[in-house]
Amino acid sequence: MTLTAAALALSLAQGYPPYPPPDYTPPPPPGQRQGPPRYYPAPQQPMPRGLVALVFMPIGSSTLSSDLQGWQSTAEWQGALALELRAPRGGGRLRFGGEISDHDRILDVSLKYNFFDWSPLQPFVTIGAGAGRLGPETSWRATASISAGVDFYLTRDFFFTAELKGRGFADRSAYDPDNVYGSGVTMTTALLGAGVYF
């Protein structure tokens with residue numbers, strides 16, 4: 001009995017086993033410590049190109065042809081001014097233009113398409129319609145035109161331009177006293193200038 005009591009007292013005196021220590025990861029050596037996280041800047045987007053251009057073509061000449069007059073030079077000097085609109089990408093343009101010479105006044109709207117829009121050298125074609133007042137005639141004739149040329153971009157928004165344009169004019173009545181040139185009136189125009197997009 002005494003032995004049993006002694007064994008019981010001894011087992012109660014030992015208490016509970018100690019808890020295991022918490023998991024501990026020692027810090028890395030000083031040479032291997034990681035710095036703050038690196039932040040890489042987002043890639044820069046290309047600058048947007050201008051969408052509205054003023055195109056000034058002060059150097060040019062034109063030749064007029066008609067059934068009555070035959071070939072004749074109507075202007076040793078002919079200039080043009082245009083407002084050109086383009087989308088953020090692509091070669092399509094919308095152009096509102098006017099041409100003036102010593103004798104003639106022409107206003108038109110045209111669709112222009114620049115090929116190789118990614119390149120500094122961009123050939124183009126246009127097709128347009130409008131109205132023109134020729135020489136001594138006081139009323140306006142409807143007109144349609146087609147042209148080809150090249151734009152040379154020195155920067156994203158500044159370019160030199162050269163254009164060769166053919167234009168036809170609507171016929172008027174042979175009995176119209178204001179009909180100076182008769183029917184079959186056409187014009188060929190060459191223009192040089194520069195433009196800048198904003």
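Quick note: residue numbers are just sequence positions, from 1.
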Worksheet item: Is the Tyr197 ring parallel, tilted or perpendicular to the Tyr153 ring (thresholds 30°, 60°)?
Response: parallel
Fill in: Electrostatic pair Asp178-Arg172, nearest N-O below 4.0 angstrom
yes
Discussion item. For the residue pair Gln78 / Ser62, report whether a side-chain donor-acceptor contact shorter than 3.5 Å exists.
Written reply: yes
Discussion item. Could you tell me if the side chain of Leu51 sits less than 4.5 Å from the side chain of Pro88, heavy atoms only?
Written reply: yes
Response to the item:
So CG of Asp171 and CG of Asn179: to nearest 0.5 Å the spacing works out to 8.5 Å
Fill in: pair Asp151-Phe160: side-chain heavy atoms closer than 4.5 Å
no
Fill in: SB check Asp104 Arg141 (cutoff 4.0 Å)
no
Item to complete: Would you please test Lys165 and Thr188 for side chain to side chain contact (heavy atoms under 4.5 Å, CB included) and show each step?
Response: CA-CA 6 Å; Lys165 180 180 296 186; Thr188 303; over 6 Å; no
Discussion item. So Leu85 and Lys112, do their side chains get closer than 4.5 Å, heavy atoms only?
Written reply: no
Fill in: Polar side-chain atom of Thr155 near backbone of Phe158 as donor-acceptor pair, under 3.5 Å
yes
Worksheet item: Roughly how far apart are Leu81 CG and Met57 CE, rounded to 0.5 Å?
Response: 8.0 Å
Practice prompt. State plainly whether the residues Asp108 and Arg167 are in salt-bridge range, i.e. N to O under 4.0 Å.
Written response: yes
Worksheet item: When rounded to the nearest 0.5 angstrom, what distance separates CZ in Phe124 from CG in Asp117?
Response: 13.5 Å
Discussion item. Would you say that Phe169 contacts Ile106 through its side chain, given a criterion of any heavy-atom pair below 4.5 Å between the two side chains?
Written reply: yes
Discussion item. I'd like to know if the side chain of Arg86 and the backbone of Ala53 have a donor-acceptor N/O pair within less than 3.5 Å.
Written reply: no
Practice prompt. Using atom types as modelled and distance alone, determine if a side-chain donor or acceptor of Thr143 lies under 3.5 Å from a backbone N or O of Gly168.
Written response: yes
Practice prompt. Using a strict 4.0 Å threshold on nitrogen-to-oxygen distance, state whether Arg133 and Glu99 make a salt bridge.
Written response: no
Worksheet item: Do Val52 and Glu84 have side-chain heavy atoms sitting under 4.5 Å apart?
Response: no
Item to complete: Indicate the atoms forming the closest heavy-atom contact of Gly193 with Pro58, along with that distance.
Response: CA-CD, 4.1 Å
Worksheet item: Measuring from Ser66:OG to Leu134:CG, what's the distance to the nearest 0.5 Å?
Response: 9.5 Å
Item to complete: Classify the side-chain pair Thr126/Arg93 by whether it contains a donor and acceptor separated by less than 3.5 Å.
Response: no
